[in-house]
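Convention: sequence-line order gives letters A, B, ...; per-chain numbering from 1.
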Amino acid sequence: MEKTIVLRTHTCGELRLENVGESVTVCGWVDSWRDHGGLVFIDLRDRYGLTQVVFNPDEGAEMHELARTLRNEFVIQATGQVVKRPDGMINEDIETGTIDVKATSLELLNKSLTPPFEPGTSDLPNEELRLKHRFVDLRRPTLQKALILRHEITKSIRDYFDENGFLDIETPIMGRSTPEGARDYLVPSRVHEGCFYALPQSPQIFKQILMVAGFDRYMQVARCFRDEDLRADRQPEFTQIDVEMAFVERDDILGVIDGLIARLVKDVRGVNVSLPLPRFTHADVMERFGSDKPDMRFDMELVDVGGIAAECDFGVFKNTIGGGGRVRGLNAKGAAEKYSRKMIDELTAYVGEYGAKGLAFFRVQEGKLDSPIAKFFSEEHQKALIEKLGGEPGDLLFFVADKEAVTSAALANLRNRLGKELELYDPMEINACWVIDFPLVSWNEDEQRWDAEHHPFCYPVNEDIPLLESDPDKVRAQSYDLVCNGYEAGSGSVRIHDPAVQQTVFDLLGISADEAERRFGFLLEALRYGAPPHAGIALGLDRWVMLMCGDDNIRDVIAFPKTQKAADLLSGAPSTVDERQLKELHIKIDVPEET
RNA sequence: GGGGCCGUAGCUCAAUUGGUUAGAGUACCGGACUGUCGAUCCGGGGGUUGCGGGUUCAAGUCCCGUCGGCCUCGCCA
């Protein structure tokens with residue numbers, strides 16, 4: 001091979017005592033500088049670490065003068081000898097802290113404007129500034145680690161599926177709009193006047209067609225787009241690990257993904273996960289945790305106290321039960337002294353966000369309860385409550401009385417908050433499980449119709465198929481969510497491959513044959529040509545990276561994320577476009593005039 | 001679409017509850033210093049208090065609107 005010009009011989013993270021005496025060249029960014037008039041110290045940074053370069057006037061006056069002009073984020077190349085640091089000058093904080101590079105020459109590769117903030121700062125600037133200057137933000141070790149981890153996770157996933165016979169097949173980014181589900185991002189067509197492509201919400205239909213085509217083990221690292229409002233764990237543009245298999249049943253998918261998660265956690269954390277991952281029914285977790293994505297890192301399960309509530313003298317409880325509602329609670333172990341009245345008021349406001357009109361609380365004492373509303377509960381009822389919740393002196397009991405859905409939402413979120421505040425779990429733990437047997441459909445009160453809980457191609461549990469017409473809400477779906485640390489980290493189902501069953505489900509969802517043909521005709525057509533039984537799942541890659549980082553902000557694991565208003569502050573997207581472009585596409589803008 | 005928090009030197013924050021010249025640390029500029037690593041020491045420059053309006057003798061502070069960021073309900077098959 002031709003000898004190429006090498007700008008560096010080592011990175012800033014690799015020099016150690018055993019390199020002492022070697023002549024090396026390192027490149028990087030000035031992380032910090034200390035000018036002693038004589039000696040100049042530069043902490044040089046690249047993505048591998050920090051190395052201290054020392055410039056001594058005795059090694060060259062010109063070089064030393066140049067070194068004195070170096071400022072933060074300047075890009076330099078330094079050549080010199082690796083030397084052992086004098087005794088007592090070792091920096092324990094950096095991995096290369098036992099050595100220096102004693103420079104003999106210095107090349108200023110590029111200057112930098114004064115950066116808006118320094119990558120090494122401990123006082124992180126607000127996120128708006130970080131996003132505008134993402135090229136600086138991305139120099140921070142935390143973000144560099146996150147993106148490196150993201151790479152490792154993606155590689156581990158690709159390797160796993162490759163080793164298990166899966167094919168990575170790409171599906172279109174420009175597709176056909178299917179109006180149900182999330183809002184589509186649209187792309188106008190120049191060639192087809194007045195027509196639009198849609199960016200995929202997921203490759204769902206294409207991967208099913210791949211099954212029909214015979215690619216019985218498919219996977220893809222697929223970019224997906226949904227024009228819905230953002231959250232801390234939701235971006236409009238995100239990445240799914242998309243998987244589909246033919247000639248399989250539910251447990252085959254679960255088994256394959258069990259293996260994937262074990263592999264991932266082993267590769268990334270070096271921790272062995274015991275398999276199979278626990279499985280819970282939807283009904284079970286809703287009752288015990290009030291959520292279909294419970295955080296299983298800690299207990300504090302919800303408890304039904306409807307029986308006691310119906311008998312007590314506390315009107316709110318009694319009337320709720322009388323009105324068909326529920327009274328449920330949980331026990332914050334040992335929290336009685338940790339939560340003042342003011343803090344409990346905050347918790348009351350917090351559960352209010354989920355529709356709860358109040359939050360009853362009791363401090364557990366020896367054989368009785370202390371609370372402003374304790375007087376409405378007889379000694380017998382107080383003891384019964386304590387027993388039901390496993391109360392011990394010092395515990396703090398909370399109760400919500402409302403419609404079932406409100407008690408679930410309020411208590412599930414209260415549970416998460418208390419779990420975090422009381423530090424009931426290790427934030428770095430990865431605790432994954434399956435939630436299965438979701439209902440197939442749910443009643444949409446606004447639209448007065450049944451909506452698919454997962455999607456319209458999801459196979460009902462076989463024994464429940466007769467209930468499709470009589471009791472749709474009792475029909476379970478052959479669907480499954482992969483839940484991790486309280487996040488939905490994956491979701492999938494066995495698909496319908498039988499046109500008759502598909503038609504029955506469409507009927508239930510109020511999708512006529514005509515409409516179905518118009519919307520998904522190409523899938524239905526494919527299913528008529530020898531579709532094998534098939535099933536699949538999609539995992540949220542961004543969320544998995546976030547979980548592996550122990551972070552709760554999805555933007556921290558995406559190189560160039562968007563703000564809550566779906567803007568890219570770095571590039572300025574979205575933006576207006578030239579009139580000429582619009583004209584070519586026959587598009588007229590009709591935005592209300594500003595007043 | 002709704003609720004909440006935030007916006008003051010490049011950056012992180014302060015400003016005695018409406019009071020007279022808006023401060024500190026850091027960064028930046030100049031100087032001193034041959035073992036620092038949050039270097040130190042001396043000196044200096046730097047402000048449309050997001051923007052617009054209002055109340056008031058007086059507004060960073062109070063009110064209204066607006067823009068932007070974050071959290072959240074709805075939404076996300």
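Going from the C1' atom of B/C67 to that of B/G53 covers 15 Å, rounded to whole Å. A gap of 23 Å separates the C1' atoms of B/G68 and B/A14, to the nearest Å. Across B/G52 and B/G44, the matching P atoms stand 33 Å from one another, rounded to whole Å. Comparing the same atom, P, in B/G23 and in B/G46 gives a spacing of 13 Å after rounding to whole Å. With P as the reference atom, B/C5 and B/G65 are 14 Å apart, rounded to whole Å. For B/A24 and B/C64, the P atoms lie 34 Å apart once the distance is rounded to whole Å. For the C1' atom pair drawn from B/G60 and B/G18, the interatomic distance equals 11 Å after rounding to whole Å. Taking atom P in both B/G50 and B/A39, one finds a spacing of 31 Å when rounded to whole Å.
Set against B/G69, B/A27, B/U36, the side chain of A/N72 has B/A27 as its closest nucleotide. The side chain of A/Q564 lies closest to B/U72 when the candidates are B/U72, B/C33, B/C37. Of the candidates B/A39, B/U12, B/C73, the closest approach to any side-chain atom of A/D123 belongs to B/U12. With B/U36, B/G68, B/C11 as the choices, the nucleotide that has an atom nearest any side-chain atom of A/L129 turns out to be B/C11. When distances run from any side-chain atom of A/D229 to the nucleotides B/G1, B/U72, B/C76, the shortest one goes to B/G1. Here the nucleotide nearest the side chain of A/P125, chosen from B/U12, B/C28, B/U72, is B/U12. The nucleotide whose nearest atom lies closest to any side-chain atom of A/Q52 is, among B/C37, B/A27, B/C70, B/C37.
To the nearest angstrom, C1' of B/G35 lies 13 Å from CG of A/D35. If you take CG of A/L569 and P of B/G68, they are 10 Å apart, rounded to a whole angstrom. In this structure, A/E453 places its CD atom 12 Å from P of B/C75, rounding to the nearest Å. Between the C1' atom of B/C76 and the CD atom of A/Q235 lies a distance of 13 Å, rounded to the nearest Å. Atom CZ of A/F41 and atom P of B/G38 are 13 Å apart (whole Å). Atom-to-atom, CG of A/D43 to P of B/C37 comes out at 11 Å; the value is rounded to the nearest Å. Atom P of nucleotide B/C37 and atom NZ of A/K102 are separated by 21 Å, given to the nearest angstrom. Between the C1' atom of B/U34 and the CD atom of A/E65 lies a distance of 14 Å, rounded to the nearest Å.
At B/G68, one or more side-chain N or O atoms of A/K565 fall inside 4.0 Å of OP1 or OP2 (strictly under the cut-off). Contact annotation: A/R71 reaches the phosphate of B/C29 (side-chain N/O to OP1 or OP2, under 4.0 Å). Neither OP1 nor OP2 of B/G38 sits under 4.0 Å from any side-chain N or O of A/W33. Between B/G69 and A/T563, a contact under 4.0 Å exists linking OP1 or OP2 to a side-chain N or O. Side-chain N/O atoms of A/R85 include none lying less than 4.0 angstrom from OP1 or OP2 on B/C37. At B/U36, none of the side-chain N or O atoms of A/R34 fall inside 4.0 Å of OP1 or OP2 (strictly under the cut-off). Close to B/G74, at under 4.0 Å from its OP1 or OP2, lies no side-chain N or O of A/R234.
Base pairing of B/U26 is made with B/G10, judged by Watson-Crick or G-U wobble geometry with both donor-acceptor distances under 3.5 Å. Across all strands shown, B/C5 pairs with B/G69; the Watson-Crick or G-U wobble distances both stay below 3.5 Å.
For B/G69, the base has no donor-acceptor partner in the side chain of A/R130 [N/O atoms by modelled type, under 3.5 angstrom]. With hydrogens and angles left out, the side chain of A/E118 and the base of B/U26 share no donor-acceptor pair within 3.5 Å.
Side chain to side chain, A/T96 and A/Q52 fail the donor-acceptor criterion of an N or O pair below 3.5 Å. Residues A/S32 and A/R34 have side chains that bring a donor and an acceptor to within less than 3.5 angstrom of each other. Looking at A/D507 and A/T504, their side chains never bring a donor and an acceptor atom within 3.5 Å of each other.
The residue A/Y354 sits close only to the backbone: its heavy atoms come under 4.0 Å of sugar-phosphate atoms, none of a base. Residue contacts for A/R555: at a heavy-atom cut-off of 4.0 Å it reaches the sugar-phosphate backbone alone, with no base atom in range. Nucleic acid contact for A/D227: none, since no nucleic acid atom lies under 4.0 Å from a heavy atom of the residue. In this structure, A/N126 reaches the sugar-phosphate backbone alone: every heavy-atom distance under 4.0 Å involves primed, P, OP1 or OP2 atoms, never a base. Within 4.0 Å of A/P116, counting heavy atoms only, lie sugar-phosphate atoms of the nucleic acid but no base atom. Residue-level contact check: A/S491 touches neither bases nor backbone, having no heavy atom under 4.0 Å from any strand.
Looking only at distances, no side-chain donor or acceptor of A/W33 sits under 3.5 Å from a matching main-chain atom of A/V40. The backbone N or O of A/T239 lies less than 3.5 Å from a partner atom in the side chain of A/D542, making a donor-acceptor pair.
Within a 6.0 Å radius of CD in A/E228, more than 12 heavy atoms belonging to other residues, nucleotides or ligands are found. Enclosure of atom CD in A/E127 by more than 12 non-hydrogen atoms of other residues, nucleotides or ligands within 6.0 angstrom is indicated.
Both geometric conditions, a ring-centre gap below 5.5 Å and a plane tilt below 30°, are not fulfilled together for A/F117 over the base of B/C11. Stacking between A/H36 and the base of B/G35 is absent under the criterion of ring centres within 5.5 Å and planes under 30 degrees.
Checked for salt-bridge contact, A/K357 and A/D402 meet the test: a charged N lies under 4.0 Å from a carboxylate O. Salt-bridge formation is detected for the pair A/D233/A/R543: a Lys NZ or Arg NE/NH1/NH2 atom is positioned less than 4.0 Å from an Asp or Glu carboxylate oxygen.
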A/N416 and A/D295: side-chain hydrogen bond (donor to acceptor under 3.5 Å, both in side chains), yes or no, with the steps?
-> CA-CA 7 Å; A/N416 284 340; A/D295 191 336; over 6 Å; no
The contact string for nucleotides 41-47 of chain B, one letter per nucleotide 5' to 3', using protein heavy atoms under 4.0 Å with B, S and - for base, sugar-phosphate only and none, comes out as -------
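With ring centers used as reference points, A/F135 lies 6.0 Å or more from A/F560.
Ranked by how close their nearest RNA chain B nucleotide is to the 5' end, A/E128 and A/T121 are led by A/T121.
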